[in-house]
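To keep things clear, I will list the structure first and then write my remarks on it.
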Amino acid sequence: MKKVTKLLVLSQVTLMAPIILCVAIMPHFLFESNEGGMSNYGVHASTIVFYTLALLLSAIFLILASRALGQARDYQLIKTVFVITACSLLLVLITTYPYQHSSTFSNIHTAANIWIFCFETLAGCWVAFIFWRTTTSILLILVQLLAFILLVLTFLGVIHLLFVAQILTMVSFGLLLIMSTTKPD
């Protein structure tokens, strides 16, 4: 199980570290009144490689974590969560590149992002309330639910905190995934 936990930690580190580099290279997305989302880093020459590595490496480590769990019956559903999360990251990644070129691509990219955040919220609730219920997991899902509310309010045009909500969701869900493999047998 330690190998799986290490792979999940690597998945989250490889997701966040390149995004932090993107922010350092192009911080203005955080400070403009129309703060953009993380996908903006996937369409600029100075950040596209880091953005691509973030999502791609995270997905790879999630798949490896799923495979490392083997055939343990108690972990079949969490393996599925790892795989769906990895595939969702790849879907967001491949829809990022063309999203600014037409409304069709933009809609597809928006749908991919809505999918991943809805899935992560539902999966996070399952981890926190059913699979591995602890005080920490409950606090993490509350942060994730707050972030989901921010995402919905941003989507509806009430506020514009997309990047902040995305980061809160990613960190809280990532920590829930890591915690899911520390469950005693």
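Note that these values count all heavy atoms, side chains included, but never hydrogens, waters or copies made by symmetry.
- Residues Ser106 and Gln100 form no side-chain contact, since every pair of their non-hydrogen atoms from C-beta on lies 4.5 Å or further apart.
- Taking every heavy atom of both residues into account, Ser46 and Met26 meet most closely at OG-SD, 3.5 Å.
- A search for side chain to side chain donor-acceptor pair (under 3.5 Å) contacts involving Thr5 returns Thr181, not counting sequence neighbours.
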Between Tyr75 and Val4, does the side-chain contact (heavy atoms from CB on, under 4.5 Å) criterion hold? Intermediate values first, please. CA-CA 11 Å; Tyr75 290 96; Val4 176; over 6 Å; no
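- For Met16, the side-chain contact (heavy atoms from CB on, under 4.5 Å) partners are Ile167, Met170, Val171, not counting sequence neighbours.
- The number of heavy atoms from other shown groups lying within 6.0 Å of CD (Gln71) does not exceed 12.
- Residues Gln144 and Leu176 are in side-chain contact: their nearest non-hydrogen atoms beyond the backbone lie under 4.5 Å apart.
- Within the structure, side-chain hydrogen bond (donor to acceptor under 3.5 Å, both in side chains) pairs that include any residue of residues 84-93 comprise Ser88-Trp115 (at least two apart or interchain).
- Remark: Tyr41 engages Phe29 in a ring pair (Phe, Tyr, Trp, His ring centres under 6.0 Å) (not counting sequence neighbours).
- Contact check for Leu168 versus Phe148: no side-chain heavy atoms found under the 4.5 Å cut-off.
- In terms of the side-chain contact (heavy atoms from CB on, under 4.5 Å) criterion, residue partners of Lys3 (sequence neighbours excluded) are, by chain and number, Leu7, Ala68.
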Distance-only check: which donor-acceptor pairs under 3.5 Å involve side-chain atoms of residues 53-66, not counting sequence neighbours?
from: Ser58; atom 1: OG; to: Ser11; atom 2: O; distance (Å): 3.1
from: Ser58; atom 1: OG; to: Ser11; atom 2: OG; distance (Å): 2.9

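- Judged as a side-chain contact (heavy atoms from CB on, under 4.5 Å), and not counting sequence neighbours, the contacts of Thr135 are Leu139.
- Looking at Phe155 and Leu162, their side chains never come closer than 4.5 Å, going by heavy atoms from C-beta outward.
- The minimum heavy-atom distance linking Ser39 with Thr96 is given by the pair O-CG2, 3.5 Å.
- Residues Ile19 and Phe50 form no side-chain contact, since every pair of their non-hydrogen atoms from C-beta on lies 4.5 Å or further apart.
- Residues Leu77 and Trp126 have side chains in contact (heavy-atom distance under 4.5 Å, counting atoms from C-beta outward).
- Evaluation of the side chain to side chain donor-acceptor pair (under 3.5 Å) rule for Thr134 yields Ser137 as partners, not counting sequence neighbours.
- Within the 3.5 Å criterion, the main-chain N or O of Gln76 finds a donor-acceptor partner in the side chain of Thr80.
- Tyr51 is not listed as a side-chain neighbour of Asn40, based on a closest heavy-atom distance of 4.5 Å or more.
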Apply side-chain contact (heavy atoms from CB on, under 4.5 Å) to residues Arg133 and Val127 and explain how you reach the verdict. CA-CA 7 Å; Arg133 189 175 186 162; Val127 170; over 6 Å; no
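- Among residues two or more places apart in sequence or in another chain, the side-chain contact (heavy atoms from CB on, under 4.5 Å) test is passed with Ile159 by Leu150, Leu153, Thr154, Leu161.
- Listed by chain and number, the residues in a side chain to side chain donor-acceptor pair (under 3.5 Å) with Ser172 amount to none (sequence neighbours excluded).
- With contacts defined as side-chain heavy-atom distances shorter than 4.5 Å, the pair Gln166/Asn113 qualifies.
- Among residue pairs with one or both ends in residues 89-109, those qualifying as ring-ring contact (aromatic ring centres under 6.0 Å, His included) are Tyr99-His109; sequence neighbours excluded.
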Side-chain atoms of residues 116-125: list all donor-acceptor pairs with protein atoms under 3.5 Å, sequence neighbours left out, distances to 0.1 Å.
from: Thr121; atom 1: OG1; to: Phe117; atom 2: O; distance (Å): 2.7

